[in-house]
Amino acid sequence: MLNKKLAKALNLQLNKEIYSAYLYLAMSAYSSYKGLTGFANWFREQYKEEKEHAGKFYSYLVEQGARVELETIEKPPLEFGSPQEMFEKTLAHEQFISRSIRELLELALAEKDYATSIFLQWFIKEQVEEEANDNEILAKLKLAGENGAGLLVLDSELGKRGGH
Ligand code: FEO
């Protein structure tokens with residue numbers, strides 16, 4: 001059984017994951033609007049991953065007999081600037097999520113909730129991967145710079161992401 005403080009923090013994380021899904025769906029829509037179909041595909045896949053993350057928090061709360069309380073989802077922005085700016089925002093968001101997961105783990109350890117600590121370990125690893133993916137794409141975007149051809153090659157590469 002989860003204590004109230006931890007249940008509340010896990011509920012807040014569920015909301016953050018749903019907001020992440022919403023944010024990446026907005027980025028996918030923005031990319032489509034700009035004609036960048038590969039970027040749109042990449043963010044649509046990211047949207048699906050975030051829904052899975054939210055689902056993991058939801059299932060864990062239910063499994064632990066805690067009350068699930070769904071909060072208001074913040075409206076994501078409409079404009080994201082250049083592809084590089086969009087990925088800078090993506091990386092910054094993932095760094096925010098990583099901090100949030102680390103704080104959750106610190107709370108679980110302080111409360112001596114070992115089951116929750118183990119549950120959170122998957123997310124600790126996942127965040128390393130998410131930040132690495134964003135850094136890799138950002139590096140390529142910086143190389144492409146203002147080069148339209150380079151951007152189109154990357155768009156085609158991002159169009160191949162799938163399988164969820
Ligand atoms: Fe669910 Fe991208 O962190």
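FYI, side chains are in, hydrogens and waters are out, and symmetry mates aren't considered; it's all heavy atoms of this structure. Nothing fancy with the numbering, it's 1 onward along the sequence. Whatever order the structure lists ligands and atoms in, that order sets their numbers, starting from 1.
In this structure, Trp122 has its ring center at least 6.0 angstrom away from the ring center of Tyr60. Ring centroid separation for the pair Tyr47 and Tyr22 does not come in under the 6.0 Å cut-off. For Phe80 and Phe43, the gap between ring centers reaches or exceeds 6.0 Å.
For atom 1 (Fe) of ligand 1, protein N/O/S neighbours under 2.8 Å (waters excluded) are Glu17 OE1, Glu50 OE1, His53 ND1.
Within the 4.5 Å cutoff, the side chain of Glu45 has no heavy atoms near those of the Ser28 side chain. Two residues are said to be in side-chain contact when any heavy atoms from C-beta on lie closer than 4.5 Å; Glu130 and Gln46 meet this criterion.
Between Arg99 and Glu103 no salt bridge is recorded (no basic side-chain N to carboxylate O distance below 4.0 Å).
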